[in-house]
Student: 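Would you mind keeping the following structure in view while I ask a few things?
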Amino acid sequence: MSTYLIGDVQGCHGALTRLLNHISFSPSRDTVYLLGDLINRGPESVEVLRYCMELGDAIKPLLGNHDLHLLASAYGVRKPGKRDTLQSILNAPDRAALLHWISQQPLARSIQNPQGQRLLMVHAGVLPQWSLEETLQLADEVHQQIKGEALPQFLMHMYGNLPNHWDNSFTGSDRNRVIVNALTRIRFCTAQGAMDFESSEAADAAPTGLMPWFDCPDRKTAQDIVAFGHWSTLGLVNQPNLMALDTGCVWGGCLSAMEIGADFRERQLHQIHCEQAQKPG
């Protein structure tokens, strides 16, 4: 009985199945957490969704920005871009079932081991003002709208870079937007947690006045273990309290699975090399 965390698949179904075969994954025994961006940019987005649905509770995804982009495209809020590979889903005969399944996935997950350690999983990051419990509560607050009848209205107001900081007094679309942007888009921010959406360089190339979100001083989740994807130029990070697992599968990098033991700090990395589906940039 093993638990794995896997970084951004982005429509690379062949790579996902090769990785699961590599680790001898058994859906009756093991659990895989996918850290968002299951689809888009790779050539087999619809195959990824169908495969995950077939595996049932053995696969536990969370939503990334590309997964939300699919929903926005399906509801006519955004047009698919030139580099998107969403048409296989949007034109599928089982489109309704696929969209319903993706909309039911959360924006954050957490597991706890017998020693009481908590592991928080998000796609992109966490604002410094949020504790682990607050992150889960805010993620669920937004997800209640995504998985229900409010989804079309929610999507209409989801996009935008402002507000770029957290204020607990925010309500409505401003509040939703900050939560979504932090959980699915953040890379760099100021020491106070004001988010930047212009830069996607590696962590050591932070623009002046900015830092990776996980380096913010007084970050409330600093003592928790946080796992995330989203940041392919960051590459693999495996620190005691931080795991970054987007290793650029769709760009010709690797697809990575971190096997975690009961301690959460007992880990084994599994990787396969991937064919390049698109060029970065």
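Please read all numbers here as calculations on a predicted model, not as lab measurements.
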Student: Where do Arg185 and Asn181 land on the side chain to side chain donor-acceptor pair (under 3.5 Å) test, with the steps shown first?
Tutor: CA-CA 5 Å; Arg185 295 181 62 204; Asn181 284 343; 3.2 Å; yes
Student: Let me check something: do Leu127 and Leu120 share a hydrophobic cluster, defined by ILVMFWY side-chain heavy atoms less than 4.5 Å apart, either directly or through other members?
Tutor: yes
Student: Is there a path of hydrophobic side-chain contacts, each under 4.5 Å between heavy atoms of I, L, V, M, F, W or Y residues, that connects Leu183 with Leu5?
Tutor: no
Student: Which heavy atom of Ala74 sits nearest a heavy atom of Arg95, and at what distance?
Tutor: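 Of all heavy-atom pairs spanning Ala74 and Arg95, the closest is O-NH2, 3.0 Å.
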Student: List the steps, then state whether ring pair (Phe, Tyr, Trp, His ring centres under 6.0 Å) holds for Phe170 with His165.
Tutor: CA-CA 10 Å; Phe170 285 152; His165 64 284; 5.5 Å; yes
Student: Taking the ring centre of each residue, are His143 and Phe154 less than 6.0 Å apart?
Tutor: no
Student: Does Glu141 come within less than 4.0 Å of Arg175, counting only side-chain N to carboxylate O?
Tutor: yes
Student: Would you check if Tyr4 and His270 make a side-chain contact, meaning some heavy-atom pair closer than 4.5 Å?
Tutor: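 Counting from C-beta outward, Tyr4 and His270 do come under 4.5 Å.
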Student: Is a side-chain N or O of Arg78 found less than 3.5 angstrom from the main chain of Leu70, in a donor-acceptor match?
Tutor: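 Judged by distance alone, no pair lies under 3.5 Å.
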Student: State, with a plain yes or no, whether a side-chain heavy atom of Val142 is found less than 4.5 Å away from one of Leu138.
Tutor: no
Student: Evaluate the side-chain proximity of Val237 to Leu245: yes if any heavy-atom separation is below 4.5 Å, no if none is.
Tutor: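 Heavy-atom side-chain distance check fails, nothing below 4.5 Å.
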Student: Tell me, do Met211 and Pro217 make a side-chain contact under 4.5 Å, heavy atoms counted?
Tutor: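 Yes, their side chains come closer than 4.5 Å.
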Student: For the pair Glu44 (side chain) and His13 (backbone), establish whether a donor and an acceptor sit closer than 3.5 Å, ignoring hydrogens and angles.
Tutor: yes
Student: Using atom types as modelled and distance alone, determine if a side-chain donor or acceptor of Ser232 lies under 3.5 Å from a backbone N or O of Asp246.
Tutor: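 Looks like no, no N/O pair under 3.5 Å.
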Student: Is there a continuous path of hydrophobic side-chain contacts, each under 4.5 Å between heavy atoms, that joins Leu38 to Val32?
Tutor: yes
Student: When you measure from the side chain of Arg83 to the backbone of Lys279, do you find a donor-acceptor pair of N or O atoms at a distance under 3.5 Å?
Tutor: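 The answer is yes, because a donor-acceptor pair under 3.5 Å joins these two groups.
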Student: With side chain to side chain donor-acceptor pair (under 3.5 Å) as the test, would you mind laying out the steps for Thr233 and Trp231 before giving the verdict?
Tutor: CA-CA 6 Å; Thr233 54; Trp231 199 345; 3.1 Å; yes
Student: Please test Gln145 against Asn176 for side chain to side chain donor-acceptor pair (under 3.5 Å), starting from the C-alpha separation and ending with a verdict.
Tutor: CA-CA 10 Å; Gln145 301 170 69; Asn176 292 337; 3.1 Å; yes
Student: Has the side chain of Gln129 got a donor or acceptor atom that lies under 3.5 Å from a matching backbone atom of Gln192?
Tutor: yes
Student: Kindly state whether the ring of His123 and the ring of Phe228 have centres lying under 6.0 angstrom apart.
Tutor: no
Student: Take Leu269 and Gln271 through the side-chain contact (heavy atoms from CB on, under 4.5 Å) test and state the conclusion after the steps.
Tutor: CA-CA 7 Å; Leu269 177 66; Gln271 291 183 311; 3.8 Å; yes
Student: Under the side-chain contact (heavy atoms from CB on, under 4.5 Å) rule, what do Thr31 and Tyr33 come out as? Steps first, then yes or no, please.
Tutor: CA-CA 7 Å; Thr31 303; Tyr33 291 90; 3.7 Å; yes
Student: For a quick test of reading the model, state the closest non-hydrogen atom pair linking Leu136 to Ser110 and the distance between them.
Tutor: CD1-CB, 3.7 Å
Student: Between Leu20 and Ile6, is the side-chain contact (heavy atoms from CB on, under 4.5 Å) condition met? List the steps.
Tutor: CA-CA 10 Å; Leu20 294 183; Ile6 295 181; 3.9 Å; yes
Student: Mind running side-chain contact (heavy atoms from CB on, under 4.5 Å) on Ile260 and Ile111 for me, showing each step along the way?
Tutor: CA-CA 11 Å; Ile260 56 173; Ile111 55 176; 4.0 Å; yes
Student: Could you tell me whether a side-chain N or O of Asp84 sits under 3.5 Å from a main-chain N or O of Leu86, the two making a donor and an acceptor?
Tutor: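 No: the side chain of Asp84 does not pair with the backbone of Leu86.
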Student: Could you check if a side-chain atom of Val226 sits within less than 4.5 angstrom of a side-chain atom of Asn241, using non-hydrogen atoms only?
Tutor: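 In short, these two side chains do not touch, never coming nearer than 4.5 Å.
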Student: Verify whether one side chain among Asn113 and Arg118 offers a donor that lies under 3.5 Å from an acceptor in the other.
Tutor: no
Student: Group every Ile, Leu, Val, Met, Phe, Trp and Tyr by side-chain heavy-atom contacts under 4.5 Å, then state whether Leu151 and Ile39 land in the same group.
Tutor: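 Yes, Leu151 connects to Ile39 through the hydrophobic network.
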Student: Do we see a donor-acceptor contact under 3.5 Å between the side chains of Ser45 and Ser88?
Tutor: no
Student: Verify the cluster assignment for Met121 and Leu107: are they in a single hydrophobic cluster under the rule of side-chain heavy atoms below 4.5 Å apart?
Tutor: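 Not linked; separate clusters.
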Student: Would you mind reporting whether Leu132 and Ile225 have side-chain heavy atoms less than 4.5 Å apart?
Tutor: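 When only atoms from C-beta onward are counted, Leu132 and Ile225 do not touch, as no gap falls below 4.5 Å.
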Student: Can you tell me if Asp8 uses its side chain to pair, donor with acceptor, with the backbone of Gly229 under 3.5 Å?
Tutor: no
Student: Is Arg50 salt-bridged to Asp94, cutoff N-O under 4.0 Å?
Tutor: yes
Student: Return yes if some donor-acceptor pair links the side-chain N/O of Asp30 with the main-chain N/O of Ser2 below 3.5 Å, else return no.
Tutor: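 Present.
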Student: Quick one: does Ser131's side chain have a donor or acceptor within less than 3.5 Å of a partner on Glu134's backbone?
Tutor: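 It does hold such a pair.
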Student: Is there a donor-acceptor contact under 3.5 Å from the side chain of Arg41 to the main chain of His66?
Tutor: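 Looks like no, no N/O pair under 3.5 Å.
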Student: Do Gln117 and Arg265 have side chains that get closer than 4.5 Å, going by heavy atoms?
Tutor: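 Yes; the side chains approach each other to less than 4.5 Å.
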Student: Any side-chain heavy atom of Met158 within less than 4.5 Å of one from Leu71?
Tutor: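 Met158 vs Leu71: side chains apart.
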